[in-house]
S.K.: 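Mind having a look at this structure? Questions to follow.
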Amino acid sequence: MKQHPTHLGIFGGTPLFNEPLVVGRPDMSSRNAMLERISDVLKSGWLTNNGPVVQEFESAICDQTGAAHCVAVCNGTMALQIMAKACGLTGEVILPAFTYIATAHALEWIGLTPIFADVDPATHTIDVDSVRRCITPQTSAILGVHIWGNPCDVDALQQLANEHHLRLMFDACHAFGCRRHGQAVGTFGEAEAFSFHATKFVHSLEGGAILTQSDELAARMRLMRNFGITGLDTIESCGINGKLSEVSAAAGLTSLATTDERMLHNRNLQRTYTSALQNCPGLDMLSITADQGGNSQYAVAQVDTNRFGLNRDQLLRVLRAEGIFARSYFVPGCHRAAPYASSRAHTPVSLPNTEAILSSVMQLPTGPAVPTGTAARVAEFLIWVQRNSHAICDRLDSAAPQSNHSADPAFNIPALPLAG
Ligand code: T4K
């Protein structure tokens with residue numbers, strides 16, 4: 001541990017970690033099993049177009065979640081788009097302003113109008129009262145996001161959707177393996193979209209899926225994913241190429257086989273951070289509200305500048321210079337990003353909780369590449385930074401930082417601006 005603020009990486013000292021610790025390093029523990037499955041795919045000569053491995057992957061997902069149907073697709077963004085198209089959405093769709101930009105872009109890209117609602121500060125999921133205030137005659141649907149694996153207030157959203165004859169669906173890209181009151185994510189609303197991107201809890205290199213209980217919706221989505229083709233010489237409707245490859249499905253099956261171990265590891269990391277940081281003034285870990293901690297894929301903290309002594313961006317700079325690549329998802333907020341920032345039409349209500357979260361939120365390194373002991377060291381360092389925050393802050397204001405880790409070229413993470 002550091003003895004003095006001058007020993008910090010940001011002031012030219014030796015970084016705490018030589019290997020950067022990141023949020024989202026893919027699970028590579030089953031490399032050999034994955035290679036074996038991929039080799040079998042290559043040997044078979046069948047590489048895509050709803051092959052046997054994709055079908056096996058879909059069945060395995062239905063088994064794990066209890067969903068009636070799984071339609072595997074090439075990424076989470078495509079899953080959102082096919083879901084919205086298959087549900088026949090039109091006009092405006094209400095979603096949280098605090099989400100990954102793909103949630104909004106997926107809608108905008110297919111001609112829908114994203115309308116941003118505020119979120120609940122305790123869970124970061126969409127706030128039901130805020131949604132109510134966004135409803136207009138043009139609204140066709142509510143798209144909740146189970147952010148960080150925290151399930152939305154599904155019952156209240158369903159009631160609101162029923163009152164106003166709206167469709168209800170979910171972006172479940174963070175929530176594979178999560179449950180709410182015993183019920184698996186993937187079985188709520190009309191349909192739920194998942195991402196199996198390399199950085200996700202279950203990954204298929206790139207990939208995604210839509211889960212639904214509706215036979216009719218599933219059939220429509222399958223058709224849409226394959227250009228609307230129904231037979232050798234028959235095309236029934238307009239569609240797109242949303243197919244998942246056999247190699248991706250093989251990777252996904254390998255990842256699915258180890259969800260229990262990874263869930264346990266992530267929950268241990270979550271517990272380690274939470275218990276170590278409970279006495280760190282100004283650094284509050286967000287509670288995970290999924291049953292038993294869900295997949296605990298993200299360890300989310302919020303920085304209270306007054307109590308911690310540094311603001312979130314100053315802290316990120318200090319951490320990155322030690323090789324701790326904490327993130328600030330989802331700055332700047334969808335409503336402040338192009339193309340939505342240029343029109344008030346996307347943001348009809350005020351977003352005080354979203355704004356507060358955007359300026360304070362931070363994700364700590366988690367996942368299979370972070371041992372529990374390493375998380376404990378990161379937490380210990382955070383506590384040390386808080387105790388020395390006044391001296392660090394003074395130096396940050398006056399000295400030119402000389403970080404050895406100001407950027408991670410291997411992962412293209414840009415250095416943060418110096419302004420505090
Ligand atoms: N809805 C929500 C709520 C989402 O969060 C997402 C995606 C979507 C929809 C759309 O799903 P997809 O269409 O993407 O399937 C990452 C992911 O690219 C993105 O999938 C994810 N959300 C988002 C939250 O995170 P970045 O910009 O953080 O990725 P990147 O490249 O900085 O990677 C994160 C860290 O992981 C890095 O520090 C390095 C490490 N890494 C990354 C990759 C790709 C590796 O070690 N190896 C790798 O192969 O967006």
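Whatever order the structure lists them in is the order used to number ligands and atoms, beginning at 1.
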S.K.: Measure across G149 and C178 and return the closest heavy-atom pair with its distance rounded to 0.1 Å.
M.R.: O-SG, 3.6 Å
S.K.: Answer with yes or no after comparing the ring centroid distance for H146 and F176 against a 6.0 Å cut-off, counting only values under it.
M.R.: no
S.K.: Check this for me, if you would: do E322 and R377 make a salt bridge, where the nitrogen-to-carboxylate-oxygen distance has to be below 4.0 angstrom?
M.R.: no
S.K.: Report the part of Y329 (side chain from C-beta onward, or backbone N, CA, C, O) that has a heavy atom under 4.0 Å from ligand 1; answer both or neither where that applies.
M.R.: side chain
S.K.: Within a 6.0 Å radius of atom CD on Q55, are there more than 12 heavy atoms belonging to other residues, nucleotides or ligands?
M.R.: yes
S.K.: Just to check, does P26 reach to within less than 4.0 Å of ligand 1 when the distance is taken from its heavy atoms?
M.R.: yes
S.K.: Would you say Y298 has any N or O atom under 3.5 Å from an N or O of ligand 1, going by distance alone?
M.R.: no
S.K.: For H174, take its heavy atoms, then give the atoms of ligand 1 lying under 4.0 Å from any of them.
M.R.: 3 (C), 4 (C), 5 (O)
S.K.: Just wondering, do F98 and V361 contact through their side chains at under 4.5 Å, heavy atoms?
M.R.: yes
S.K.: For ligand 1, which atoms have a heavy atom of T99 less than 4.0 angstrom away?
M.R.: 3 (C)
S.K.: Does the salt bridge (Lys or Arg N to Asp or Glu O under 4.0 Å) test come out yes or no for E192 and R180, once each step is laid out?
M.R.: CA-CA 14 Å; E192 306 206 53; R180 176 181 188 270; over 6 Å; no
S.K.: Determine yes or no for a side-chain-to-main-chain donor-acceptor pair under 3.5 angstrom, with S255 supplying the side chain and G252 the backbone.
M.R.: no
S.K.: What about T77: any of its N or O atoms under 3.5 Å from an N or O on ligand 1?
M.R.: yes
S.K.: Is the CD atom of Q183 crowded by more than 12 outside heavy atoms at less than 6.0 Å?
M.R.: yes
S.K.: N/O of H197 under 3.5 Å from N/O of ligand 1, yes or no?
M.R.: yes
S.K.: Taking N or O atoms only and a 3.5 Å limit, does T199 qualify as a polar contact for ligand 1?
M.R.: no
S.K.: With a cut-off of 4.0 Å, which atoms of ligand 1 are near a heavy atom of C173?
M.R.: 1 (N), 2 (C), 4 (C), 8 (C), 9 (C)
S.K.: May I ask you to say whether D40 pairs ionically with K43, meaning some side-chain N is under 4.0 Å from a carboxylate O?
M.R.: yes
S.K.: So, regarding G24 and ligand 1 (criterion: nitrogen or oxygen to nitrogen or oxygen, under 3.5 Å), is there a contact or not?
M.R.: yes
S.K.: Any nitrogen or oxygen of G76, main chain or side chain, under 3.5 Å from a nitrogen or oxygen of ligand 1?
M.R.: yes
S.K.: Atoms of ligand 1 less than 4.0 Å from S195 heavy atoms?
M.R.: 11 (O), 12 (P), 15 (O)
S.K.: Atoms of ligand 1 less than 4.0 Å from A102 heavy atoms?
M.R.: 8 (C), 9 (C), 10 (C)
S.K.: If we check side chain to side chain donor-acceptor pair (under 3.5 Å) with W148, which of these qualifies: Q363, Q297, H124?
M.R.: H124
S.K.: For ligand 1, which atoms, with element, lie under 4.0 Å from some heavy atom of N75?
M.R.: 13 (O), 15 (O)
S.K.: Is ligand 1 under 4.0 Å from a heavy atom in the side chain of I147, in the backbone, in both, or in neither?
M.R.: neither
S.K.: Is it the side chain, the backbone, both or neither of K200 that has a heavy atom closer than 4.0 Å to ligand 1?
M.R.: side chain
